[in-house]
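Chain letters run A, B, ... following the sequence lines, proteins first, then strands; residues in each count from 1.
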Amino acid sequence: MTLAAATPLPSDRREKGHLAAASALLTPATAVVAVMLVAPLLLLLRMSFNRFDPTKLMVEAATAENYTRFFGDAYYTDVMITTVVVALSSTAFCLLFGFPIAYRLARWQSRWKNAVMLLMVLPLFVSSTVRSIGWMVLFSHGGVINLAATSLGLGTMTLMQTTTGVIIGIISINLPYMILTLQSVVEGIDENLEQAAESLGAAPARAFWRIVWPMALPGTMIAAVLCFILAMNAFATPVLIGGPRFHMMAPLLYWEFTANNNWPFASALALILMTTTLVMTVLANKLILGRQARA
Amino acid sequence: MIKNTTFDRISRRNFIAGASAGAVAVPFAGQSFAQSGGSVTVGTWGGDYGRLLRENVDPIMADKAVRVVQDVGDSDTRMAKTIAQRILPRGAVDVQCFDNVKAQALRNADALLPIDPAKLPSWNAIRPEARDPYIVPHIVSAQVIIYDPEQVDEPPTDLDALLSPKYKGKVGAIIANYYAFLMAGALYRGGSLDDYEAGKSYLKDVNANGLRLYAQPEAFTQAFKSKEIAIAVIWQARSIMWQNAGVRIESAWPKSGAMLYVSGLVIPKNAQNKDAAYAYIEAALQPKAQQGFAENMGYMPSIANANLPPNLAKRLELPPDAPKLVSPDLDKLARELPAMSDWWKKNIEYKG
């Protein structure tokens with residue numbers, strides 16, 4: 001071993017010092033995450049293996065019965081399928097409606113741009129519960145949409161307590177997140193690249209599909225994942241617009257926890273919902289971004 | 001195990017008479033806790049019930065220099081908290097308001113203090129049929145059929161009306177009332193509140209007749225107002241409240257009998273201020289406090305000496321051909337409730 005190798009250079013010492021400082025700065029945040037997120041999740045996992053007893057609430061055990069109950073009962077798997085279908089549909093529509101708006105906003109050079117951006121953010125100031133109640137007024141029996149459809153001779157249009165109504169409600173809540181995320185993604189793509197493509201003879205649509213879309217795909221995935229997670233965990237909209245007969249996972253686990261006081265099964269439902277969301281997100285990322293990388 | 005209590009043929013005079021006859025009120029005085037001061041924490045529903053407790057019971061406690069703190073929440077949540085806290089030496093709540101089914105579940109969980117009648121001067125004023133070793137009954141109501149007279153030509157006489165093709169798609173229910181609805185069906189079809197299978201088969205038939213479900217009482221009354229529904233089964237107190245609010249409904253007693261709803265006050269066994277808890281319960285049993293609940297919410301008092309104004313007593317009295325008023329086997333019901341709740345969710349609520 002040479003002397004030079006054994007004695008750290010001043011630059012190495014500086015780097016180590018920076019690393020130590022960075023570690024020290026990261027420690028509080030890491031500790032907070034560990035205590036506030038990881039520890040409750042571990043507790044949730046432990047509780048999901050306990051047994052429910054109506055008189056004692058929860059009995060310490062190490063049983064998988066809560067999981068076998070979920071996967072062995074068609075009712076629960078149906079509710080999960082409904083949740084996934086609603087989440088995928090609402091995310092697809094958010095993307096369909098959100099991308100053109102985000103693209104237009106990103107490329108818009110106007111003094112009104114900030115005002116329009118503010119309009120996009122404005123719905124986020126109102127809670128999802130209040131917005132769902134607004135939809136209830138529109139959708140309800142004798143509500144605005146129903147009356148308009150009847151007066152136009154289209155017959156009765158029932159959207160309350162339907163899957164379509166719930167999807168519309170979730171789209172209205174998630175769309176601002178999609179637009180705001182995509183707008184910043186598109187703004188990060190140099191407009192000159194599109195112009196270059198067009199100057200080389202590509203039609204605007206071709207320039208978009210060959211230049212903008214591939215570059216926006218990672219950001220678009222993030223926006224879609226955000227909307228998908230929000231939709232998978234939707235609570236107020238399915239309860240208020242879907243009504244008592246429309247069942248999704250988040251209201252179901254809330255009901256198991258509060259009304260039935262079945263904490264072990266509610267914990268299992270929470271973990272199953274979280275795992276399903278996580279697995280679908282990872283798979284989508286791998287499939288879509290992996291395909292893009294191969295291309 | 002608690003057996004069925006059948007309020008056999010309680011005449012209208014029998015049930016309300018004591019309340020309206022102005023029986024001698026039990027004096028509320030001379031108790032050591034009355035001078036104790038301090039505070040009492042009361043777990044209760046919010047809304048009208050919590051407000052009426054504040055308006056009618058808290059002033060009596062204020063006279064005794066006892067400050068009342070309300071811990072407001074749904075009964076399911078408060079029940080979970082009570083069970084979870086039962087192993088602690090000192091509980092956070094001194095008095096909890098529950099219906100007798102929840103109280104039974106808490107009793108089974110060994111979370112309640114047995115009531116000591118010696119500490120309640122009004123104990124003897126409580127209707128004998130409503131007395132219980134673990135819950136002091138506060139308000140009482142019976143299940144009736146309610147209907148919109150503009151949509152229902154003939155007043156219904158029993159629960160078969162809800163199965164009539166005439167009212168297909170016009171039958172409503174509040175989901176929180178699921179077990180009471182099931183038990184009404186059990187009484188109608190099986191002759192006993194405890195025949196759950198008969199109740200389930202009845203509910204399936206009502207569901208097939210286009211049962212409409214509502215998550216909140218407000219949505220339910222709105223459905224009556226908009227003529228979306230025409231007929232339902234509900235507590236009589238609710239129907240009186242809604243009539244007072246201008247909803248066009250009438251009520252009818254089912255021939256097969258009516259289940260009694262009893263809501264009351266319990267003391268968690270680890271309550272910190274047990275004396276103040278007894279003082280609070282005693283205050284809730286005072287005629288003035290009971291009158292407030294009868295006037296505002298249409299509940300029958302749990303004491304025989306409530307001294308209701310004649311017009312109110314007449315409104316709450318049972319019909320001349322007094323229906324059979326029955327209570328369920330509370331122990332059986334408390335143990336079966338989670339399974340019953342699952343059954344309702346999967347078989348009645350879920351449309352698949």
Counting only heavy atoms not in A/Phe70 (residues, nucleotides, ligands), do more than 12 fall under 6.0 Å from its CZ?
yes

Verify the neighbour count for atom OH of A/Tyr254: are there more than 12 heavy atoms of other residues, nucleotides or ligands below 6.0 Å?
no

Is it true that, when you exclude B/Lys227 itself, more than 12 heavy atoms of the residues, nucleotides or ligands shown sit nearer than 6.0 Å to its NZ?
yes

Under 4.5 Å from any heavy atom of chain B - which part of A/Leu240
neither

Proximity breakdown for A/Tyr76 and chain B, heavy-atom pairs closer than 4.5 Å:
side chain

Taking atom CG of B/Leu88 as the centre, report whether more than 12 heavy atoms of other residues, nucleotides or ligands fall under 6.0 Å from it.
yes

With chain B as the partner chain, list the residues of residues 38-54 of chain A whose heavy atoms fall under 4.5 Å from it, by residue number, and write 'none' if nothing qualifies.
A/Phe52, A/Pro54

Check side-chain contact (heavy atoms from CB on, under 4.5 Å) between B/Glu228 and all other residues, then give those that pass, not counting sequence neighbours.
A/His141, B/Arg212, B/Tyr214, B/Ala223, B/Ser226

Check each atom of A/Gln161 against the heavy atoms of chain B and say whether the ones under 4.5 Å are side chain, backbone, both or neither.
both

Quick check: closest heavy atoms across B/Glu349 and A/Arg245, and the distance to 0.1 Å?
O-CG, 2.8 Å

So for B/Leu211, is it side chain, backbone, both, or neither that comes closer than 4.5 Å to the heavy atoms of chain A?
both

CG on B/Leu213 to CZ on A/Phe246, rounded to 0.5 Å:
15.0 Å

Bottom line for B/Ile175: the part with an atom under 4.5 Å from chain A's heavy atoms is side chain

What heavy-atom pair brings A/Thr82 and B/Tyr350 nearest, and what distance separates the two atoms?
OG1-OH, 4.0 Å

Identify the residues of residues 259-266 of chain A whose heavy atoms come closer than 4.5 Å to a heavy atom of chain B, ordered by number, or report 'none'.
A/Ala259, A/Asn260, A/Asn261, A/Trp263

Drop me the distance from A/Tyr75's OH to B/Asn347's CG, to the nearest 0.5 angstrom.
10.0 Å

Which of residues 335-343 of chain B get closer than 4.5 angstrom to chain A, counting heavy atoms alone?
B/Arg335, B/Pro338, B/Ser341, B/Asp342

